[in-house]
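Encoded as structure tokens, the structure appears first; notes follow it.
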Amino acid sequence: MSAPIVVAGASMGGLRAAEQLRAAGWTGAITLVGDEPHMPYNRPPLSKEVLAGQAPFESLVFRPRASVADVTWRLGTRIAAADLDRRTVGLDDGETLSYAGLVVATGMRPRRLNCPGPRAGRHTVRTLADAQGLREALTRPGARVVVVGAGFIGCEVAATAVALGAAEVTVVDPLPLPMIGPLGELLAGALLKRHEERGVRFALGTGVAGFEGDTTVTGAVLTDGTVLPADVVVESVGSLANTEWLDGNGLDLTDGVLTDEHLRVGGRPDVVAVGDVARFPNARYDGVPRRVEHWSIPTDTAKHAARVLTGKDAGLAPFAPLPTFWSDQHDFRLQSFGAPALGREDVRVLDGDLDGDVLAGYHTGGRLVGVVALGGRAAAATAARYRAELLKQPALTA
């Protein structure tokens, strides 16, 4: 029997890779290896519906296409090492798998704070188990919650904690505004106002120096000397790529797995990367390799990478996705198309106003590179109408 294509990672990116390999004509064996015991499931609801108790796990599980009914699933198993020259991967149970092709889809894990204090009472949100443990803590009467990090997850968790009736919810971040990185100052300021109006407190321009408590957290000590009482701490301070198993293969793993414009890893035709672990140049913009942690990326990367890995890439244009993200917080939504972070120095209101539904456009050199809507469904629908315009834009380097 010929060697299978091994998909390292059995989350959304791994599943989409297997489905797209079949769609690209691969009829051989496929083996998916993932460290979680669950079949692939949708992660965005973890910080919202699952945390709020509104969505059971069964509603999150993706329904695989019929084309992948014959793939082999190795769940609850971690890939510990790889030898790309020999085309093998080693599992944590000691088994070695040979492969005809390798898909790197091992994703990310939460970064943890490295500061003194107890670990009990400190949570992250990445897996189902994380969300279940955090929900139990948040639903205790009178919970005082400190969220460290005012990014996507931090803001979503803060909104959910308020809705669950937490006594106090405070978001701590060294930056001056929540989500200022992807949104820029204009929309980040509007976001701050909306959170504060709904009961979330913010400690901005400061970080966490340590935690008080004997065996479990009772307070967060900030770098400015403030002490915030805390029964529950949520660490939302970024992610680390799961790439250690690729050490020793001469790859650039400084921030995820560096790929070329066709998602090939290390110039190898038999290794590709998909999902948020891939650091790829986007031909739609400036060609600078970046990781993109948006929900649309696993599917977009899987479709392109599958054609490359199966040799169906003749005449295939360089990978050039249009990133898309959304974030539900309280009773409003952030909806984005394009790359607003590239144009956050030139942000203009395209529709509405900052006190209500608003659509902001992000520009580089006068060219629209992204849009973000903040508000209700009407604002999100307005943003979607700009998608076609963004797709027609020439590359920034053109």
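Since the structure is predicted, the reported quantities are computational estimates derived from the model, not experimental observations.
- By the criterion of side-chain heavy atoms lying less than 4.5 angstrom apart, applied directly or through intervening Ile, Leu, Val, Met, Phe, Trp or Tyr residues, L128 is grouped together with W295 in one hydrophobic cluster.
- Annotation: the span from M39 atom CE to L15 atom CG amounts to 7.0 Å, rounded to 0.5 Å.
- A side-chain hydrogen bond (donor to acceptor under 3.5 Å, both in side chains) check over residues 105-117, counting only residues at least two apart or in different chains, returns the pairs T106-W245, R109-N242, R109-E244, R112-E235.
- Within the structure, salt bridge (Lys or Arg N to Asp or Glu O under 4.0 Å) pairs that include any residue of residues 353-363 comprise K193-D355 (at least two apart or interchain).
- At least one side-chain heavy atom of H195 sits less than 4.5 Å from a side-chain heavy atom of F332.
- Every side chain to side chain contact (heavy atoms under 4.5 Å, CB included) that E49 has, sequence neighbours left out, goes to P45, Q54, A55.
- L228 forms part of a hydrophobic cluster together with L113, V146, V148, V172, V208, F211, V217, L222, V233, V237, judged by ILVMFWY side-chain heavy-atom separations under 4.5 Å.
- Taking 4.5 Å as the limit, every side-chain heavy atom of E196 sits out of range of all side-chain heavy atoms of R201.
- When side chains are defined from C-beta on, M179 counts as touching Q329, because their heavy atoms get closer than 4.5 Å.
- Q335 meets the side-chain hydrogen bond (donor to acceptor under 3.5 Å, both in side chains) test with no other residue; sequence neighbours excluded.
- In this structure, the side chains of I297 and D276 stay at 4.5 Å or more apart for every pair of heavy atoms.
- Listed by first and then second residue, the salt bridge (Lys or Arg N to Asp or Glu O under 4.0 Å) pairs that reach into residues 179-188 come to none, sequence neighbours excluded.
- Between L309 and G101 the shortest heavy-atom distance is CD1-CA, 4.2 Å.
- Closest approach of L204 and P176 over heavy atoms only: CD1-O, 3.2 Å.
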Does the side-chain contact (heavy atoms from CB on, under 4.5 Å) test come out yes or no for V232 and R144, once each step is laid out?
CA-CA 6 Å; V232 182; R144 299 167 299 176; over 6 Å; no
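- In this structure, D260 pairs ionically with R264, as a charged nitrogen and a carboxylate oxygen lie closer than 4.0 Å.
- Residues L186 and L175 are members of separate hydrophobic clusters, defined by side-chain heavy-atom contacts under 4.5 angstrom among Ile, Leu, Val, Met, Phe, Trp and Tyr.
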From CA spacing to verdict: side-chain contact (heavy atoms from CB on, under 4.5 Å), L192, F202:
CA-CA 8 Å; L192 173 65; F202 285 83; 3.4 Å; yes
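- In terms of modelled atom types and a separation under 3.5 Å, the side chain of T299 and the main chain of S296 share no donor-acceptor contact.
- H262 places none of its side-chain heavy atoms less than 4.5 Å from the side chain of V272.
- Listed for the S11 side chain is no donor-acceptor partner under 3.5 Å among the backbone atoms of P40.
- With values rounded to the nearest 0.5 angstrom, T382 atom OG1 is found 10.0 Å from L350 atom CG.
- Contact check for V71 versus T31: no side-chain heavy atoms found under the 4.5 Å cut-off.
- Note: the hydrophobic cluster containing V157 also contains V50 (ILVMFWY, side chain heavy atoms under 4.5 Å, direct or indirect links).
- In this structure, R307 contributes its side chain and K303 its backbone to no donor-acceptor pair below 3.5 Å.
- Taking the side chain as every heavy atom from C-beta outward, V265 and L251 approach each other to under 4.5 Å.
- M12 and I79 fall into different hydrophobic clusters, where Ile, Leu, Val, Met, Phe, Trp and Tyr are joined by side-chain heavy atoms under 4.5 Å apart, directly or via other members.
- Of all non-hydrogen atoms in L138 and A143, the two that sit nearest each other are O-CB, 4.0 Å.
- Here the closest heavy-atom approach between residue I153 and residue S236 is recorded as CB-OG, 3.4 Å.
- For the pair T170 and V200, the minimum side-chain heavy-atom distance is 4.5 Å or more.
- Using a 4.0 Å cut-off between charged nitrogen and carboxylate oxygen, E36 and R43 count as a salt-bridge pair.
- Side-chain heavy atoms closer than 4.5 Å link hydrophobic residues (I, L, V, M, F, W, Y) into clusters, and following such links, possibly through other members, connects L253 to L84.
- Taking 4.0 Å as the cut-off between side-chain N and carboxylate O, E293 and R291 count as a salt-bridged pair.
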Pair T96, L91 - check side-chain contact (heavy atoms from CB on, under 4.5 Å), show working.
CA-CA 6 Å; T96 298; L91 309 185; over 6 Å; no
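- A ring pair (Phe, Tyr, Trp, His ring centres under 6.0 Å) check over residues 81-138, counting only residues at least two apart or in different chains, returns nothing.
- For A209, the side chain to side chain contact (heavy atoms under 4.5 Å, CB included) test picks out T223, with sequence neighbours left out.
- Between D328 and R333 there is a salt bridge, since at least one side-chain N of the basic residue sits less than 4.0 Å from a carboxylate O of the acidic one.
- For A100, the side chain to side chain contact (heavy atoms under 4.5 Å, CB included) criterion is met by A3, W26, not counting sequence neighbours.
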Begin from the C-alpha positions of V372 and L334 and carry the test side-chain contact (heavy atoms from CB on, under 4.5 Å) through to its verdict.
CA-CA 7 Å; V372 179; L334 284 159; 3.9 Å; yes
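- The list of ring pair (Phe, Tyr, Trp, His ring centres under 6.0 Å) pairs with a residue in residues 146-186, not counting sequence neighbours, reads F152-F325.
- By the 4.0 Å N-to-carboxylate-O rule, D270 lies too far from R86 to be salt-bridged with it.
- L246 and A82 get closest at one heavy-atom pair: CD2-CB, 4.1 Å.
- Rounding to the nearest 0.5 Å places NE2 of H330 at 11.0 Å from CZ of R194.
- Atom CG of residue D92 and atom OG1 of residue T77 lie 6.0 Å apart, to the nearest 0.5 angstrom.
- A distance of 8.5 Å separates CZ in R22 from CD1 in I5, rounded to the nearest 0.5 Å.
- We find that D351 and R385 are not joined by a salt bridge, their nearest charged nitrogen and carboxylate oxygen being 4.0 Å or further apart.
- With rounding to the nearest 0.5 angstrom, the CZ atom of R87 is 15.0 Å from the CG atom of L97.
- Checked for salt-bridge contact, R198 and D331 meet the test: a charged N lies under 4.0 Å from a carboxylate O.
- The two residues V7 and G14 have their closest heavy-atom pair at CG1-CA, 3.6 Å.
- Using a distance-only test at 3.5 Å, with no hydrogens or angles considered, a donor-acceptor pair links the side chain of R344 to the main chain of G181.
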Ring pair (Phe, Tyr, Trp, His ring centres under 6.0 Å) between F319 and F280: does it pass, once the steps are laid out?
CA-CA 8 Å; F319 187 51; F280 59 87; 5.0 Å; yes
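- Using a cut-off of 4.0 Å between Lys/Arg side-chain N and Asp/Glu carboxylate O, D93 and R74 are scored as salt-bridged.
- For E261, the side chain to side chain contact (heavy atoms under 4.5 Å, CB included) partners at least two apart in sequence or on another chain are P281, P318.
- Screening residues 48-73 for ring pair (Phe, Tyr, Trp, His ring centres under 6.0 Å) gives H38-F57, Y41-F57 as the qualifying pairs, with residues at least two apart or on separate chains.
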